[in-house]
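Just so it is clear, the structure is predicted and the values come from calculations on it, not from any experiment. Hydrogens, waters and symmetry mates are skipped; everything else that's a heavy atom, side chains included, is used.
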Amino acid sequence: MGNNYEINIVHLYPDLLNLYGDRGNIACMEKRLKWRGIDAKVHMCTNQDSSIDLKAADIIFVGGGSDREQEIVCSLLLEKKEELKAYAENGGVLVAVCGGYQLLGKYYKTANTKIEGLEILDIYTDAGDTRLISNVVLECEKFDQPIVGFENHAGRTYIGENHTPLGKVKFGNGNTGDSGYEGVIYKNVIATYLHGPLLPKNPQLCDYILECALKRKYDDFDGLKPLDDELENKANKYIADKYVR
């Protein structure tokens, strides 16, 4: 399996949105595909690119950045707003972390300004008085291992009734600090505040993302073959056991 498969990963604006090692998520997806004999092509779209071609994208990744960088990126992505919305509605795989998560909503209100969002998700983000900084452990019904990561955000993100949270907070703050939930899963869109980076220590989540892309692209795809995830699983368990008693 895998010799005839190819996945195109589009990393949007890594020159502006690469807070807390977001590039590690790209490396993780690329490696877990290649270890299975599946060709992975990564396309870095930077601020210097005059145009972005999303037609061949199988996975789109948007990372985190400061408010200033988010505002720059949003002004660039608004030109692709309808194309990105159509991509997500048609089952395109989109992974957004921290600032990227906030950009997918209706708006992100900072202490000084209100940044228009892409309206891909039924969410909005208001500025909080304090930053929510913590290691995080989530319980997600899709996986038999917890999702672990690190959060550092001032925004409080509120999600609409038609959206499903990524997970239930077992330790940490989550979307608002008091909702008890973190992130969003909508169709094949996964948005979360967790970074550090997220995917290397969450192999089940990473493989879920990859399988969504492969199923969408190839009718004959019947699942990823297992990898030896002993080290990844140990890292995940260590964090979960440390913070959840």
Side-chain angles (χ1 to χ4, degrees), residues 10-13 16-20 22 25 45 52 54 57 59-132 136 138 140 147 149 151-169 172-195 198 209 212:
V10 175
H11 189 176
L12 293 179
Y13 303 110
L16 295 171
L17 303 179
N18 184 38
L19 213 56
Y20 301 103
D22 284 331
N25 294 308
C45 298
I52 299 175
L54 301 178
I59 299 173
I60 295 175
F61 179 83
V62 191
S66 69
D67 291 345
R68 174 184 171 276
E69 290 160 336
Q70 279 181 242
E71 196 164 1
I72 294 170
V73 169
C74 196
S75 67
L76 295 168
L77 288 181
L78 283 172
E79 297 177 10
K80 293 281 186 179
K81 178 177 177 178
E82 295 307 318
E83 187 176 354
L84 284 165
K85 286 177 71 173
Y87 171 85
E89 287 298 323
N90 290 328
V93 179
L94 173 57
V95 183
V97 172
C98 200
Y101 174 19
Q102 296 169 341
L103 290 178
L104 299 190
K106 297 175 181 177
Y107 65 82
Y108 169 40
K109 189 181 293 183
T110 71
N112 303 312
T113 188
K114 184 176 179 181
I115 301 172
E116 181 182 355
L118 299 171
E119 297 186 284
I120 292 169
L121 296 177
D122 181 16
I123 65 172
Y124 65 91
T125 302
D126 287 334
D129 295 331
T130 58
R131 297 195 71 82
L132 303 178
V136 179
L138 304 179
C140 180
I147 296 174
E151 63 179 343
N152 183 350
H153 55 102
R156 271 57 167 175
T157 297
Y158 300 87
I159 68 175
E161 293 181 358
N162 295 325
H163 284 354
T164 302
L166 176 61
K168 184 177 181 180
V169 176
N173 299 291
N175 286 329
T176 66
D178 56 14
S179 70
Y181 294 96
E182 203 287 322
V184 170
I185 292 183
Y186 172 71
K187 296 191 174 184
N188 287 334
V189 177
I190 292 182
T192 176
Y193 274 115
L194 304 191
H195 39 206
L198 171 69
I209 291 166
C212 286

Please report the interatomic distance [atom1]([X]) to [atom2]([Y]), rounded to the nearest 0.5 Å.
X    : Y    : atom1 : atom2 : answer
N175 : Y181 : CG    : OH    : 11.0 Å
L194 : E151 : CG    : CD    : 7.0 Å
L118 : L84  : CG    : CG    : 6.0 Å
I190 : F61  : CD1   : CZ    : 11.5 Å
T176 : I159 : OG1   : CD1   : 9.5 Å
H153 : R131 : NE2   : CZ    : 8.5 Å

- Item | Polar side chain donor-acceptor pair, T157 to Y108, under 3.5 angstrom | no

- Residues T192 and E182: side-chain donor-acceptor under 3.5 angstrom: yes

- Quiz item: cation-pi between K106 and Y124, 6.0 Å / 45°: no

- Within a radius of less than 6.0 Å around NZ of K168, do more than 12 heavy atoms belonging to other residues, nucleotides or ligands occur? no

- Message: Taking atom CG as the centre, does D129 end up with more than 12 heavy-atom neighbours from other residues, nucleotides or ligands that are less than 6.0 angstrom away?
- Response: no

For a 4.5 angstrom cut-off between non-hydrogen side-chain atoms, does [X] reach [Y]?
X    : Y    : result
E119 : E82  : no
N173 : V136 : no
Y101 : I123 : yes
I185 : P165 : no

- Message: Between T164 and Y186, is the side-chain contact (heavy atoms from CB on, under 4.5 Å) condition met? List the steps.
- Response: CA-CA 7 Å; T164 302; Y186 172 71; over 6 Å; no

What is the minimum heavy-atom distance between [X] and [Y], and which atoms define it?
X    : Y    : value
A191 : L121 : CB-CD1, 3.9 Å
C140 : I147 : CB-CD1, 3.9 Å
G64  : C98  : CA-CB, 4.3 Å
A96  : L104 : CB-CD1, 3.6 Å

- Item | Step-by-step side-chain contact (heavy atoms from CB on, under 4.5 Å) determination, I115 to T110 | CA-CA 8 Å; I115 301 172; T110 71; 4.2 Å; yes

Under 3.5 Å, is there a donor-acceptor pair between the side chain of [X] and the main chain of [Y]?
X    : Y    : value
N25  : L198 : yes
Y107 : D126 : no
H163 : D122 : yes
S75  : I72  : yes
K187 : G91  : no

- Query: Would you call R156-D178 a salt bridge at under 4.0 Å N-O?
  - Reply: no

- Item | Derivation of the side-chain contact (heavy atoms from CB on, under 4.5 Å) call for V184 and V189 | CA-CA 8 Å; V184 170; V189 177; over 6 Å; no

- Message: Assess the residue pair V62 and V95 against the criterion (side-chain contact (heavy atoms from CB on, under 4.5 Å)); give the C-alpha distance rounded to whole Å, side-chain angles, the decisive distance to 0.1 Å, and a yes or no.
- Response: CA-CA 6 Å; V62 191; V95 183; over 6 Å; no

- Message: Exactly one of I209, I59, I60 should register a side-chain contact (heavy atoms from CB on, under 4.5 Å) with L94. Which one does?
- Response: I60

